[in-house]
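Just so it is clear, the model here is predicted, and its values are computed rather than measured.
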Amino acid sequence: MHKLKKYAAVLLLLLTYPMVDFIAKAFVLEESDEIYAYIPQESDFVVEINLKNFIAEMAYQRIFEEAYFMERVYEPEKEKQPEPKYVDSGFDPFGKVILFREQWANESIWIALFKYSNQERLQNYLSNQFGEVHCEFSDDYAIVQLTPSSAQEKMNEHLKKIALKEVKSFNERAILSTVFDPTKEINCYIIPKTREYNQLIDGYLSFDFLEDRIAIEGNFTPVSEFGRTNPIAYAINPEAALSARSSLNFFNSIYWFSEEKIEDIPEYSQMVFDYDGVECKLVNRDQGFTTPFKSYPKIDIHFNVLKKEFWYAFMDSLIANPGIMVDTINHEIITQEGAHFKYVQNDQIFELTQDQVELTPSTSNEIYFDFHMDIDALIDRTTFTIDENNPPSDLEQKFGLMAAKGMLGEIKLLANIEEGTFQLIGNEDGNIIASGALMMKNKTGSALIESLSLGAASFSFLANYLSL
């Protein structure tokens with residue numbers, strides 16, 4: 001009988017997670033597709049976070065991998081029990097969270113959309129945490145403005161219209177319920193702006209948190225003239241800490257964070273980017289940089305240019321920028337932060353480098369974007385020394401290097417991601433397939449728990465240094 005009880009206890013334990021998972025998915029966490037109807041048609045970025053998948057994985061880890069879960073999620077406390085990390089904020093933790101972005105005349109606005117359980121509690125929580133927050137409520141969903149607007153009164157009216165479903169729905173552009181995979185933790189829909197050299201119409205990415213990695217998958221629809229686009233001409237550098245190659249102009253067309261293009265880079269036919277760390281030299285304050293370091297990023301950037309007149313205008317804009325010093329005699333660029341580069345420019349190419357860009361031809365005829373990153377190499381190849389020509393005082397040398405190297409050491413301890421890869425590959429159907437991964441150092445844990453641990457540690461790290 002005693003042995004029977006032991007087997008029954010083991011059986012009950014084994015059944016616990018399947019029962020919790022079934023109840024969570026079938027009864028508690030299931031949500032309709034109604035939330036998509038609130039997303040405005042003009043959004044160009046839509047990010048969906050499936051909280052039910054996160055909760056199911058966390059429940060599994062908490063029950064079956066308790067020691068690992070407690071070590072990674074909670075700070076170690078020998079004498080005290082960990083305090084609960086959840087408070088009733090009026091937010092429904094069992095629904096989806098949608099983040100979307102709309103482009104206005106002179107600004108980009110990010111908005112969050114999620115289900116709530118108690119409006120008053122949610123309003124109080126947002127006010128206590130963030131001060132003045134602009135938000136509206138439908139019967140079930142909260143619409144919260146995340147970024148400021150220069151025309152807030154009009155924005156407030158827009159939020160009300162979203163809550164009342166008086167704004168044309170994104171479903172008229174794409175049926176997200178048929179695009180987004182509910183089994184993935186994060187889904188993204190991206191619509192690049194229409195530009196002369198933009199090769200992509202729209203597409204989606206999904207992020208799947210597995211045991212030892214975050215798998216990235218997706219599919220992009222190219223423009224009808226995409227057949228004229230060449231694949232990458234140059235192979236990535238596997239020895240560099242970070243290496244990327246692209247024949248796509250999506251950096252200029254997606255407008256990631258604002259209405260302005262990233263660094264206002266003109267269109268190109270090929271891009272090469274290699275970064276292999278940075279040499280930072282502690283320098284005397286009289287050098288006039290905004291940081292105490294003169295830095296030499298080990299970087300090679302190469303563009304095969306399109307419309308050379310735009311690239312010459314780009315260089316003119318750098319020369320006119322008061323925060324950048326351009327030496328046209330020695331072909332050097334120095335930023336106000338102390339970063340030093342050499343540049344090469346003619347009718348065919350534009351380059352930024354410390355020495356000389358070396359290009360290796362690609363052997364692939366189907367890859368249009370290729371990326372590889374080695375996290376430890378990025379950190380290890382960041383060095384701090386004293387500038388011999390313009391050294392600071394002995395006291396500044398001692399404490400400056402100590403602080404810089406200490407911070408770098410802490411960052412290395414935080415880094416639990418091993419490497420990242422990402423490719424955009426053409427297929428026989430004429431689509432562009434996305435494939436990549438973020439590989440975790442812990443091969444027997446959970447990518448979700450490792451991500452939570454990294455996020456919590458990073459916030460703590462930043463809070464400590466920002467408070468200094």
Could you report the tightest heavy-atom contact between [X] and [Y], atom names first, then the distance?
X	Y	answer
Ser446	Gln61	CB-NE2, 3.5 Å
Thr147	Trp110	OG1-N, 2.8 Å
Thr382	Leu378	OG1-O, 2.9 Å
Gln270	Pro231	NE2-O, 3.0 Å
Gly203	Phe220	CA-CD2, 3.5 Å
Phe371	Ala244	CD1-CB, 4.0 Å

Exactly one candidate in Leu122, Asp140, Leu99 meets side-chain contact (heavy atoms from CB on, under 4.5 Å) with Phe114; the answer is Leu122

About how many Å separate [atom2] of [Y] and [atom1] of [X], when rounded to the nearest 0.5 Å?
X	Y	atom1	atom2	value
Gln119	Asp139	CD	CG	10.0 Å
Ile367	Phe369	CD1	CZ	11.5 Å
Ile379	Lys412	CD1	NZ	7.0 Å
Ile55	Phe94	CD1	CZ	5.0 Å
Cys135	Ile111	SG	CD1	11.5 Å

Please confirm whether the backbone N or O of [Y] pairs with a side-chain atom of [X], one donor and one acceptor, at under 3.5 Å?
X	Y	value
Ser43	Phe100	no
Asp374	Ala240	no
Tyr268	Ser247	no
Ser453	Arg72	yes
Gln199	Asn249	yes

Contacts of Glu153 meeting side chain to side chain contact (heavy atoms under 4.5 Å, CB included) (sequence neighbours excluded), chain-then-number -> none

For Glu136, the side chain to side chain contact (heavy atoms under 4.5 Å, CB included) test, sequence neighbours excluded, returns Leu159, Lys160, Ala163

Ring centre gap for Phe137 and Tyr116 strictly below 6.0 Å: yes

Open item on the list: Centre-to-centre under 6.0 Å for Tyr368 and Phe226, is that the case here?
Closed with: yes

Looking only at side-chain N and O atoms, does [Y] offer a donor or acceptor that is under 3.5 Å from a partner on [X]?
X	Y	result
Asp92	Ser117	no
Thr335	Glu337	yes
Asp44	Gln103	yes
Asn156	Gln152	yes

Please set out all donor-acceptor pairs under 3.5 angstrom arising from side-chain atoms of residues 416-433, sequence neighbours excluded.
| from | atom 1 | to | atom 2 | distance (Å) |
| --- | --- | --- | --- | --- |
| Asn416 | ND2 | Glu450 | O | 2.9 |
| Asn416 | ND2 | Glu450 | OE1 | 3.3 |
| Glu418 | OE1 | Lys443 | NZ | 3.0 |
| Glu419 | OE1 | His372 | NE2 | 2.8 |
| Gln423 | NE2 | Asp370 | OD1 | 3.1 |
| Gln423 | NE2 | Asp370 | OD2 | 3.4 |
| Asn427 | OD1 | Asp429 | N | 3.2 |
| Asn427 | OD1 | Gly430 | N | 3.1 |
| Asn427 | OD1 | Asn431 | N | 2.8 |

With a 6.0 Å cut-off (strictly less than), is the heavy-atom count around CD of Glu120, excluding the residue itself, greater than 12? no

* Asked: Within a radius of less than 6.0 Å around NZ of Lys298, do more than 12 heavy atoms belonging to other residues, nucleotides or ligands occur?
  -> yes

Angle between ring planes, Phe314 versus Trp311, binned at 30° and 60°: parallel, tilted or perpendicular?
perpendicular

Could you check whether the rings of Phe303 and Phe350 sit parallel, tilted or perpendicular, using 30° and 60° as the cut-offs? tilted

When Glu34, Glu185, Glu48 are each screened for salt bridge (Lys or Arg N to Asp or Glu O under 4.0 Å) with Lys96, the one that passes is Glu48

For Asp376, the salt bridge (Lys or Arg N to Asp or Glu O under 4.0 Å) test, sequence neighbours excluded, returns Lys441

Decide whether a cation-pi geometry holds between Lys165 and Tyr38; the criteria are a distance under 6.0 Å from NZ or CZ to the six-membered ring centre and an angle within 45° of the ring axis.
yes

Is there a side-chain contact (heavy atoms from CB on, under 4.5 Å) between Ile186 and Asn50? Walk through the geometry before answering. CA-CA 6 Å; Ile186 298 176; Asn50 284 314; over 6 Å; no

The complete set of side-chain hydrogen bond (donor to acceptor under 3.5 Å, both in side chains) pairs with one or both residues in residues 203-213, sequence neighbours excluded, reads Lys184-Asp208

Item to complete: Determine, for Glu66 against Arg62, whether the closest basic-nitrogen to carboxylate-oxygen distance falls under 4.0 angstrom.
Response: yes

By side-chain hydrogen bond (donor to acceptor under 3.5 Å, both in side chains), Ser243 pairs with (sequence neighbours left out) Arg245, Asp274

